[in-house]
Amino acid sequence: MANRWGYPDLGFGIGLRSVHYEHVLNNKPAIDWFEILSENYMDTGGRPLHVLDQVAAHYPVVLHGVSLSVGSTDPIDFDYLRKLKALAKRINARWISDHLCWTGVAGHNTHDLLPMPYTNEALRHTIERVKTIQDFMERPIALENASTYLEFSASTWPESEFIAALTEQADCGILLDVNNVYVSSYNHGFDPKAYIDKIPRDRVVQMHLAGHTNKGTHILDTHSDYVIDSVWELYRYAHRRLGGVSTLLEWDANIPDFDVVHGEALKARQFREQEDLKLPAHAVDDGVPAYGD
Amino acid sequence: MVTDPGLERIQRWMQACIEDQGTCEEAIASERARAAISAEEARSIVLPSKTLSSLERLDIYRGMYLLRMEEALSTDYPGLKHFLGDDKFMRMVERYVEVYPSRSYTLNRLGDHLPKFLRTLDDLPKKDFCCELARLELLLTEVFDAEDAPPLTEAAVRAVPPEAWETARLKPIPAFAIAEFDYPVSQYLGGVDEENPFPRIARKKTWMVAYRRDFNVSRHDLERPAYALLSALASGQTVGDAIVGTMTQRWRPAVKEACLFEWFRDWMADGLFQAVELAK
């Protein structure tokens with residue numbers, strides 16, 4: 001087990017989306033696991049939950065949320081957490097993740113993954129909230145690096161170091177979104193490999209891959225296309241550093257047939273297998289052996 | 001220049017800028033944004049990139065906000081969007097989320113106030129029709145998400161002694177809604193989602209029941225007497241009282257006993273009830 005909680009490498013999964021419900025229920029495709037968007041199943045007694053119960057009976061399922069708002073200065077929403085906890089129990093969720101971001105204040109929710117200023121104050125604030133949330137949930141959570149489109153002048157930490165410090169001090173996991181690293185590196189002009197070098201490998205429980213939309217001046221994290229080559233290369237690099245980590249392909253707009261999405265997820269297996277053939281490799285520059293050493 | 005007004009002020013400022021419907025400049029100068037951070041200080045909150053100014057970077061979030069709200073509301077209100085057209089619907093969304101921003105962790109309930117909000121608009125074409133259409137579409141979202149419950153089985157119905165029916169009550173399934181409308185909104189929605197012919201949009205009383213069976217939402221038009229009977233049953237009246245109430249209305253001559261049997265048979269087949277509660 002590469003991560004400190006012993007969460008298994010589930011293999012290669014995709015995000016469960018309603019356009020694929022019929023295909024999944026009727027064909028029970030040979031896919032390793034599914035990730036679901038938690039909020040889509042929390043306040044419904046209808047078809048989504050019915051489908052989820054059947055999917056969870058056949059596949060490992062992981063909960064991935066977008067409304068935890070862990071960085072917000074609003075009070076923690078314990079009603080939300082209660083429902084999240086109940087859902088996790090209902091489907092035996094392997095783990096729970098959300099994003100390092102805030103989604104709203106003053107009682108509002110913009111339903112966007114808004115960027116944090118990476119300051120000492122924000123770090124202390126978020127650590128305390130993560131601890132409170134984990135105590136309530138009675139399990140560690142994993143936080144994903146969100147794609148961001150702006151930076152605050154107040155920030156005194158690089159994002160990767162902020163995440164490393166946060167997850168170490170709050171004792172939570174990391175969902176490393178490789179596409180988001182690429183998107184943010186393009187938007188802010190940092191080195192994506194240097195970013196990954198700063199991520200503590202024993203906290204990474206999952207990786208995300210997705211397509212995006214390059215607008216020329218910036219990249220939008222749209223999950224609307226195939227994964228580009230540069231992101232695959234970055235995934236290869238991340239695998240070299242982090243080892244076998246559960247990998248999930250997200251596709252949320254212009255969603256093609258299930259087999260296309262699944263096929264894209266399975267490309268990750270090829271990259272991993274190619275990379276594994278090259279191992280054992282070298283000691284990385286932080287002095288900590290890379291996976292396979 | 002480094003500006004650190006603190007986490008809470010940054011968040012309140014950024015949210016104010018995102019939710020404001022004007023230009024980015026106007027948003028920064030808005031009262032809400034300035035309550036968090038002065039317009040002058042705000043200019044150095046966000047760093048420019050090599051390709052975008054601070055305002056252009058902030059504008060990315062502003063643009064995505066409205067698109068997300070429109071997408072959520074158009075999922076729940078496809079009929080209203082069809083009637084208004086894309087541009088008018090978007091303008092309505094802009095005004096709606098200004099008054100009713102999302103306050104929930106789920107977008108599923110973003111449109112809960114839309115029928116009531118439409119009533120406040122002075123420039124909505126065929127406003128009464130739009131309000132009724134929105135009321136129908138909101139009901140359908142509630143039926144979609146309601147708790148699941150198994151419908152009455154034939155065996156459970158047969159187990160009720162004949163003499164007990166008069167004082168028995170029928171409990172509807174949670175995923176059930178019944179409504180009276182001032183316009184043929186259900187037929188209109190049938191034109192949108194099932195490509196049925198569109199009705200003439202003119203004031204006309206219509207009655208409808210919506211329910212979920214096998215996780216699919218269905219709806220049927222009802223005749224007025226059937227609506228009266230089903231409403232009475234759903235409100236908790238005994239079967240006897242509901243039937244007597246229906247049969248003594250002014251439409252009595254048109255309602256034959258055969259109608260009653262047909263309605264009950266259809267409603268049972270549709271699985272509208274989950275239990276028979278017998279008088280103690």
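So you know, we letter chains A, B, ... as the sequences are listed, proteins then strands, and number each from 1.
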Side-chain donor/acceptor of B:Arg68 to backbone N/O of A:Thr110, under 3.5 Å: yes

Quick check: do [X] and [Y] have side-chain heavy atoms less than 4.5 Å from each other?
X       : Y        : answer
A:Pro48 : B:Phe144 : yes
A:Met42 : B:Thr106 : no
B:Tyr61 : A:Leu114 : yes

Look at A:Asp43 together with B:Arg109 and state whether they make a salt bridge at an N to O cut-off of under 4.0 Å. no

Quick one: pull up [atom1] in [X] and [atom2] in [Y] and give me the separation to the nearest 0.5 Å.
X        : Y        : atom1 : atom2 : value
B:Ser104 : A:Asp77  : OG    : CG    : 8.0 Å
A:His108 : B:Glu19  : NE2   : CD    : 5.5 Å
B:Glu8   : A:Trp102 : CD    : CH2   : 11.0 Å
A:Ser155 : B:Asp4   : OG    : CG    : 8.5 Å
B:Asp214 : A:His50  : CG    : NE2   : 8.0 Å
B:Leu52  : A:His218 : CG    : NE2   : 6.0 Å

If every non-hydrogen atom of [X] is compared with every non-hydrogen atom of [Y], which pair is closest and at what distance?
X        : Y        : answer
B:Arg57  : A:Asn187 : NH2-O, 3.1 Å
A:Glu121 : B:Gly6   : OE1-CA, 3.4 Å
A:Asn109 : B:Tyr105 : ND2-CA, 3.6 Å
A:Gly45  : B:Asp148 : O-CB, 3.4 Å
B:Ser44  : A:Ser153 : O-OG, 2.6 Å

Do B:Val217 and A:Arg47 pass the side chain to side chain contact (heavy atoms under 4.5 Å, CB included) test, and can you show the C-alpha distance, the side-chain angles, and the key distance before you say yes or no? CA-CA 10 Å; B:Val217 175; A:Arg47 185 165 177 255; over 6 Å; no

Quick check on [X] against chain A: is it the side chain, the backbone, both or neither that has a heavy atom closer than 4.5 Å?
X        : value
B:Leu58  : both
B:Glu56  : neither
B:Ile60  : side chain
B:Arg212 : side chain
B:Ala175 : neither
B:Tyr65  : side chain

Is the number of heavy atoms from other residues, nucleotides or ligands within 6.0 Å of NZ (A:Lys193) greater than 12? no

B:Glu195, CD: over 12 other non-hydrogen atoms inside 6.0 angstrom: no

Could you tell me which portion of [X] (side chain, backbone, both or neither) has an atom closer than 4.5 angstrom to a non-hydrogen atom of chain B?
X        : answer
A:Leu113 : backbone
A:Ser72  : both
A:Leu49  : neither
A:Thr119 : side chain
A:His188 : both

Before giving the answer on side chain to side chain donor-acceptor pair (under 3.5 Å), spell out for B:Ser102 and A:His111 the whole-Å C-alpha distance, their side-chain angles and the decisive distance to 0.1 Å. CA-CA 8 Å; B:Ser102 175; A:His111 299 277; 2.6 Å; yes

Residue-level interface, residues 10-18 of chain B with chain A, non-hydrogen cut-off under 4.5 Å: B:Ile10, B:Gln11, B:Arg12, B:Met14, B:Gln15, B:Ile18

Residues of residues 84-97 of chain B contacting chain A, heavy-atom criterion under 4.5 Å, by residue number: none

Most contacts with chain B, counted as non-hydrogen pairs under 4.5 angstrom, among A:Gly46, A:Ser38, A:Ser67: A:Gly46

Under 4.5 Å, heavy atom to heavy atom: which of residues 136-149 of chain A reach chain B? Give them by number, or say none. A:Ser147, A:Thr148, A:Tyr149

For residues 80-90 of chain A, give me every residue with a non-hydrogen atom less than 4.5 Å from any non-hydrogen atom of chain B. A:Tyr80, A:Lys83

Please rank B:Val46, B:Asn216, B:Leu110, B:Asn108 by heavy-atom pairs under 4.5 Å with chain A and give me the top one. B:Val46

